[in-house]
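Heads up, the thing below is written out as structure tokens.
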Amino acid sequence: MMDREALWARLKEPFDLLILGGGATGAGVLWEATLRGLKAALVEARDFASGTSSRSTKLLHGGVRYLELAVKRLDARQLRLVREALGERKVVLELAPHLARPLTLLTPLFRPLEIPYYWAGLKLYDLLSGKRRLGQSRYLPPKAVRDLFPDLPPTLGAVAYQDGQFADHRLNLALVLSALERGAVALNYAEAKALLWEGGRVRGAVVQDRLTGKEVEVFAKAVVNATGPLADGVRRLLDPDLPPLLTPSSGVHLVLDYPLKAGLLIPRTRDGRVLFLLPYRGMALLGTTDLPAEPAFCPLPREEEVAYLLEEIRPYLGDLSGRVRASWSGLRPLVGKGETRLLVRDHHIEELWGLYTLVGGKWTTFRLMALDLVERVAKDLGLSLPPSTSHTTPLLGAGERPLLDLPEAVARHLYETYGTLAGEVLVLGERPLLPGLPYLEGEVVWAVRQELAAKPMDVLARRLGLALLDREKALSALPRVVEIMAPLLGWDEGRAQAELREAREALPGLC
């Protein structure tokens, strides 16, 4: 069982690295640092992946749009980012095969000139993948396109290509749990309230347990600001007049009750973006928008962004407004100034008085971001580290699917959530959480005992993933989730009812 009190007590020890933020960036740094022999601790003010890291497009990709920008603008940075991301795509597929898998996407062709244009572009995408290519792009005739997407208007065919897809919330958690298994410290609902100074440098932080109110001073040789869109706020603890590093933009996604056999890339929208319509756990995931936004922990999807997505997909698949089952908004921590869709998704490291801020990047390149940060800190502190093994070390749960005597939908769900640990989860309870769905009551117990879930939304959104798929079904499951969690966490009836109300209020934003 994961002992939260023991982890809290360990925060009193001195560390090499203290990481602020438990999203993709912070979790990646924790994993890289731990594998390299550094003593590292991570604190997250809310839950792991509770921000943008669980609200992504869930693609492992180089970025077809970024490749187009690189060619059109002769931008070497965009080209390098695409090449690096294509390599990292394959790394994640190998290190977490239960959480990531290849995905076929189609770019439909409606005009004759589009055929050579997209064919050449996706062949270049293949070429940049090199030995880590997932498959050859190919032309599909109109009948094959119609078989996959019967609601599409008549096409001249499509170019099919391969990218990767993953469960972002579970990969984030796997990084944290894998590091914990190797001796790291990580706590959710642990907020850095102030920075600690020693000799004119940042040497730690005052951390408050948001569940109990307790505080502890955590000391480290270096502190990493990995708080994503909120990073400028942490930087201003150093100096309130620091100019911002980030230009945040919002990315809204919709989950539609529209089963798909393959993904669809819509290459042209009225604001120059591409849209993805992707199969995701029996549903379709539609996204994303790109509008300027203010830093916020829990941004809600704006009505105009939801309307934009539904309007852009209408010419291709008709009116899907009645099929929306869930929606969410994430914030991209883009580095630089200017039109957000043109900013390079590269990462940036800033060091000020011992505070290392790591921002930018994207999910696919989280490992390279962490690698750069850890090696920068080691160089600055004069530390000698062994070579990185993060590109070859499997994450917790990686391995072949276990044989379970269960309906296929349930067995597949358990493997795609817990990997080789699925059997251990099953022992805790086989009763369905909701009739007709693959989620089990034992998963709630596992989330509390083994995955540091402390609130109902931790379970529904970031352990099971149900709230990411269907808001109404998550709402239906909520009372039973609270009922199971209450004795495990020592909640009396008043506390249980308070948690129930809080979760109902948080559900629209998945917070």
Side-chain angles (χ1 to χ4, degrees), residues 1-2 4 46-50 54-55 167 169-170 172-173 177 188-189 210-211 255 257 280-283 298 324-328 397 404-419 421-511:
M1 180 170 178
M2 198 70 68
R4 181 181 175 84
R46 293 172 177 82
D47 188 28
F48 308 119
S50 56
S54 62
R55 305 177 204 164
H169 59 295
R170 292 301 308 185
N172 200 131
L173 190 62
L177 296 176
N188 50 356
Y189 299 100
R210 298 183 68 232
L211 301 178
V255 179
D257 185 7
Y280 189 69
R281 302 204 171 192
M283 300 286 208
C298 189
V324 179
R325 297 293 176 263
S327 61
W328 65 78
L404 301 174
D405 186 16
L406 292 168
E408 171 59 20
V410 178
R412 184 175 64 252
H413 159 70
L414 290 178
Y415 175 68
E416 291 180 354
T417 307
Y418 309 100
L421 302 176
E424 297 179 39
V425 179
L426 184 63
V427 170
L428 298 178
E430 296 186 31
R431 182 178 171 181
L433 190 59
L434 279 178
L437 294 180
Y439 307 94
L440 305 180
E441 291 187 350
E443 294 182 75
V444 183
V445 180
W446 180 268
V448 172
R449 289 182 177 175
Q450 303 294 341
E451 297 181 342
L452 291 170
K455 291 183 172 290
M457 283 301 294
D458 299 348
V459 175
L460 286 169
R462 295 171 291 275
R463 303 305 184 278
L464 276 64
L466 174 57
L468 294 164
L469 288 175
D470 194 309
R471 184 179 300 171
E472 291 303 317
K473 288 178 180 176
L475 190 61
S476 297
L478 177 57
R480 181 57 182 151
V481 168
V482 172
E483 189 178 0
I484 296 170
M485 294 181 75
L488 296 172
L489 294 170
W491 297 343
D492 59 19
E493 182 60 25
R495 173 68 182 277
Q497 289 303 311
E499 293 289 344
L500 187 66
R501 288 192 298 272
E502 180 183 300
R504 283 176 175 152
E505 293 173 1
L507 192 56
L510 299 174
C511 301

Kindly compute the distance separating [atom1] ([X]) from [atom2] ([Y]), expressed to the nearest 0.5 Å.
{"X": "Leu428", "Y": "Gln450", "atom1": "CG", "atom2": "CD", "value": "8.0 Å"}
{"X": "Leu466", "Y": "Tyr439", "atom1": "CG", "atom2": "OH", "value": "5.0 Å"}
{"X": "Leu211", "Y": "Arg4", "atom1": "CG", "atom2": "CZ", "value": "4.5 Å"}
{"X": "Asn188", "Y": "Arg462", "atom1": "CG", "atom2": "CZ", "value": "9.0 Å"}
{"X": "Leu510", "Y": "Leu460", "atom1": "CG", "atom2": "CG", "value": "10.0 Å"}
{"X": "Leu177", "Y": "Asn172", "atom1": "CG", "atom2": "CG", "value": "10.0 Å"}

Q. Would Asp470 and Leu437 satisfy side chain to side chain contact (heavy atoms under 4.5 Å, CB included), going step by step from the backbone distance to the final call?
A. CA-CA 11 Å; Asp470 194 309; Leu437 294 180; over 6 Å; no
Closest non-hydrogen atom pair between [X] and [Y], with its separation:
{"X": "Leu469", "Y": "Arg281", "answer": "CD1-CB, 3.9 Å"}
{"X": "Ala496", "Y": "Val482", "answer": "O-CG1, 3.6 Å"}
{"X": "Val459", "Y": "Ala447", "answer": "CG2-CB, 4.1 Å"}
{"X": "Gly423", "Y": "Leu404", "answer": "CA-CD2, 4.1 Å"}
{"X": "Arg504", "Y": "Leu478", "answer": "CG-CD2, 3.5 Å"}
{"X": "Ala454", "Y": "Leu489", "answer": "O-CD1, 3.8 Å"}

Q) Can you list every pair that meets disulfide bond (SG atoms under 2.5 Å apart) and has a residue in residues 450-511, with sequence neighbours left out? A)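 Applying disulfide bond (SG atoms under 2.5 Å apart) to every pair that reaches into residues 450-511, excluding sequence neighbours, yields Cys298-Cys511.
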Looking at [Y] and [X], is any side-chain nitrogen of the basic one under 4.0 Å from a carboxylate oxygen of the acidic one?
{"X": "Arg501", "Y": "Glu505", "answer": "no"}
{"X": "Glu424", "Y": "Arg449", "answer": "no"}
{"X": "Lys455", "Y": "Glu499", "answer": "yes"}
{"X": "Arg463", "Y": "Asp47", "answer": "yes"}

Q.
Please check this pair: side chain of Trp446 against backbone of Val425, looking for a donor-acceptor N/O pair closer than 3.5 Å.
A.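 Checked: no pair found.
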**Q.** Thr417 and Leu464, any side-chain heavy atoms less than 4.5 Å apart
**A.**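 Result no, sub-4.5 Å side-chain heavy-atom pair not found.
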**Q.** Stepwise side chain to side chain contact (heavy atoms under 4.5 Å, CB included) check, Leu414 with Leu440
**A.** CA-CA 9 Å; Leu414 290 178; Leu440 305 180; 4.0 Å; yes
Q | Qualifying salt bridge (charged side-chain N to carboxylate O under 4.0 Å, His left out) pairs, either residue in residues 433-444, two or more places apart | A |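 Counting only pairs at least two positions apart or across chains, the salt bridge (charged side-chain N to carboxylate O under 4.0 Å, His left out) contacts touching residues 433-444 are Arg431-Glu441, Glu441-Arg480.
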Q. Got a sec, which residues hit salt bridge (Lys or Arg N to Asp or Glu O under 4.0 Å) with Glu408, two or more places apart in sequence or on another chain?
A.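 Once residues adjacent in sequence are excluded, the partners of Glu408 under the salt bridge (Lys or Arg N to Asp or Glu O under 4.0 Å) criterion are Arg401, Arg412.
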(Q) With side chain to side chain contact (heavy atoms under 4.5 Å, CB included) as the criterion, how do Leu468 and Val255 come out once you've worked through the C-alpha distance, each side chain's angles and the decisive distance to 0.1 Å? (A) CA-CA 8 Å; Leu468 294 164; Val255 179; 6.0 Å; no
Q: Let me see the working for Arg170 and Tyr418 under side chain to side chain contact (heavy atoms under 4.5 Å, CB included), right down to the final yes or no.
A: CA-CA 8 Å; Arg170 292 301 308 185; Tyr418 309 100; 3.5 Å; yes
